[in-house]
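Below is one structure, written out as structure tokens; comments come after it.
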Amino acid sequence: MIYAFGSAFFAGITAILAKCGIRETDSNLATAIRTIIVFFFSWLMAFISGSIGQIEAISSQTLFFLVLSGLATGASWLCYFRALQIGNINQVAAVDKTSIVLTIILSFIFFQEEINGFKLLGIVGIMTGTFLMLEKKENTNQETKNSWLFYAILSVVFASLTTILGKIGIQDIESNLGSAIRTSVVLLMAWLVVFVSHKNNEIKKIKRNELLFICLSGVATGCSWLCYYRGLQLGPASLVAPIDRLSIVVTVLFSVIVFKEKLSKKSLLGLIVLIIGTLVMLL
């Protein structure tokens, strides 16, 4: 449980640290920098799990789907951090949770996975909670509002595709090795986007404090992965997974403390409904 709560905590503060690092820094450049750190953590996990020796046995089909999953992951991260840069953390985090719903629907379509009563109830709870948290903010023009929501929705779509493609890709190899390979693809993709958009020239202009927060967000992601993996090793997935989903509570709490984002009664109700919906879905 300690490792599970550790995973939720680090996952929750990832968005906060990233938001602190992209006040003036381009979000794509920030994503590329933090992916370097996540890259090392992912291969560390593969080393700890002893799965590196399986590299030579990876089939071309498995590698193909892992690469596709990595591209989807990269697209999701780029969209997510762009949404964070221009939007409200609480709302972006709420929309991000709907990826669970889309993943379940796609799993039903592609893998014929059962959608039981608990999952249906959870879907209703998550969608209702997200809707309640998407209240209009004062002093926010329509263009900005639509922009962050557009990127947040794209992030959800790509995150769901990541799971579907990843599930196909890790059928014959250990999951941590699959994650490491996917992260390698994300790293290449993120920096390709930076160079194509000529944002690499801005590296020297990044403020030290923002660079620190960008790096810390990468460390937080890595620590979350390590804690989650260790938690699964020591305890049942039925306990670890629900606790890990509570990361949104950490994100909202820190957004209120650090960025003074106000949480209205409606948003608070939405957060509670979203959390309940998430936990019910995992029953």
Side-chain angles (χ1 to χ4, degrees), residues 7 10-11 14-15 17-18 21-22 25-82 84 96 99 103 154-200 203 206 211 214-230 232-233:
S7 175
F10 287 118
T14 294
L17 293 170
I22 55 179
T25 304
D26 177 74
S27 61
N28 291 337
L29 179 58
T31 301
I33 294 174
R34 70 181 297 278
T35 304
I36 296 175
I37 299 173
V38 179
F39 169 82
F40 284 109
F41 269 95
S42 63
W43 281 102
L44 175 62
M45 290 176 63
F47 176 78
I48 293 175
S49 63
S51 60
I52 292 184
Q54 299 180 12
I55 294 180
E56 297 180 356
I58 298 177
S59 66
S60 56
Q61 179 180 347
T62 296
L63 184 61
F64 173 72
F65 281 105
L66 285 176
V67 170
L68 288 181
S69 180
L71 292 174
T73 301
S76 178
W77 285 7
L78 290 171
C79 291
Y80 181 71
F81 285 99
R82 178 56 180 166
L84 277 180
D96 182 64
S99 63
T103 298
L154 279 182
S155 174
V156 167
V157 173
F158 286 121
S160 299
L161 289 176
T162 293
T163 302
I164 300 301
L165 294 169
K167 182 170 183 176
I168 299 174
I170 62 174
Q171 289 182 348
D172 300 322
I173 65 172
E174 204 273 332
S175 61
N176 290 296
L177 178 58
S179 295
I181 294 174
R182 287 194 301 107
T183 307
S184 301
V185 176
V186 176
L187 182 65
L188 292 174
M189 176 183 177
W191 280 103
L192 178 62
V193 170
V194 168
F195 280 100
V196 169
S197 60
H198 303 291
K199 296 297 182 180
N200 54 298
I203 295 178
I206 300 176
L211 179 61
I214 291 170
C215 292
L216 287 177
S217 71
V219 172
T221 299
C223 288
S224 177
W225 286 4
L226 289 175
C227 286
Y228 187 72
Y229 172 69
R230 184 58 176 166
L232 288 177
Q233 277 189 324

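Along the sequence shown, the residues carry numbers beginning at 1. Note that this is a predicted model, so its numbers are computed, not measured.
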What pair of heavy atoms forms the shortest contact from [X] to [Y], and how long is it?
X	Y	answer
Arg182	Ser69	CD-OG, 2.8 Å
Phe10	Ala220	CB-O, 3.3 Å
Ala11	Ser224	CB-OG, 3.5 Å
Leu187	Ala32	CD1-O, 4.2 Å
Val194	Asn200	CG1-N, 3.5 Å
Ala190	Thr35	CB-OG1, 4.4 Å

Check: [Y] main-chain N/O paired with [X] side-chain donor or acceptor under 3.5 Å:
X	Y	result
Ser160	Ser99	yes
Thr73	Thr162	no
Gln54	Glu174	yes

Could you check if a side-chain atom of [X] sits within less than 4.5 angstrom of a side-chain atom of [Y], using non-hydrogen atoms only?
X	Y	value
Phe47	Leu177	no
Val219	Phe41	yes
Leu154	Arg82	no
Leu84	Ser27	no
Ile181	Ile58	yes
Ile33	Ile206	yes

- Task: Quick one: do Leu29 and Trp191 satisfy side-chain contact (heavy atoms from CB on, under 4.5 Å)? Show the steps, please.
- Result: CA-CA 8 Å; Leu29 179 58; Trp191 280 103; 4.3 Å; yes
- Step-by-step side-chain contact (heavy atoms from CB on, under 4.5 Å) determination, Arg34 to Leu17: CA-CA 11 Å; Arg34 70 181 297 278; Leu17 293 170; over 6 Å; no
What's the spacing between [X] [atom1] and [Y] [atom2] if we round to 0.5 Å?
X	Y	atom1	atom2	result
Ile36	Cys215	CD1	SG	8.0 Å
Met189	Thr31	CE	OG1	10.0 Å
Lys167	Thr163	NZ	OG1	10.0 Å
Gln61	Leu66	CD	CG	10.5 Å
Leu71	Ser76	CG	OG	12.5 Å
Ser49	Leu44	OG	CG	9.5 Å

- Message: Quick one about Trp43 and Ser184 (side-chain donor to acceptor, distance below 3.5 Å, no hydrogens or angles considered), yes or no?
- Response: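 Short answer, yes.
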- Query: Passes side-chain contact (heavy atoms from CB on, under 4.5 Å), Ile48 versus Asn176? Steps please.
  - Reply: CA-CA 9 Å; Ile48 293 175; Asn176 290 296; over 6 Å; no
- Leu68 vs Ile168, side-chain contact (heavy atoms from CB on, under 4.5 Å): CA-CA, chis, key distance, verdict: CA-CA 10 Å; Leu68 288 181; Ile168 299 174; over 6 Å; no
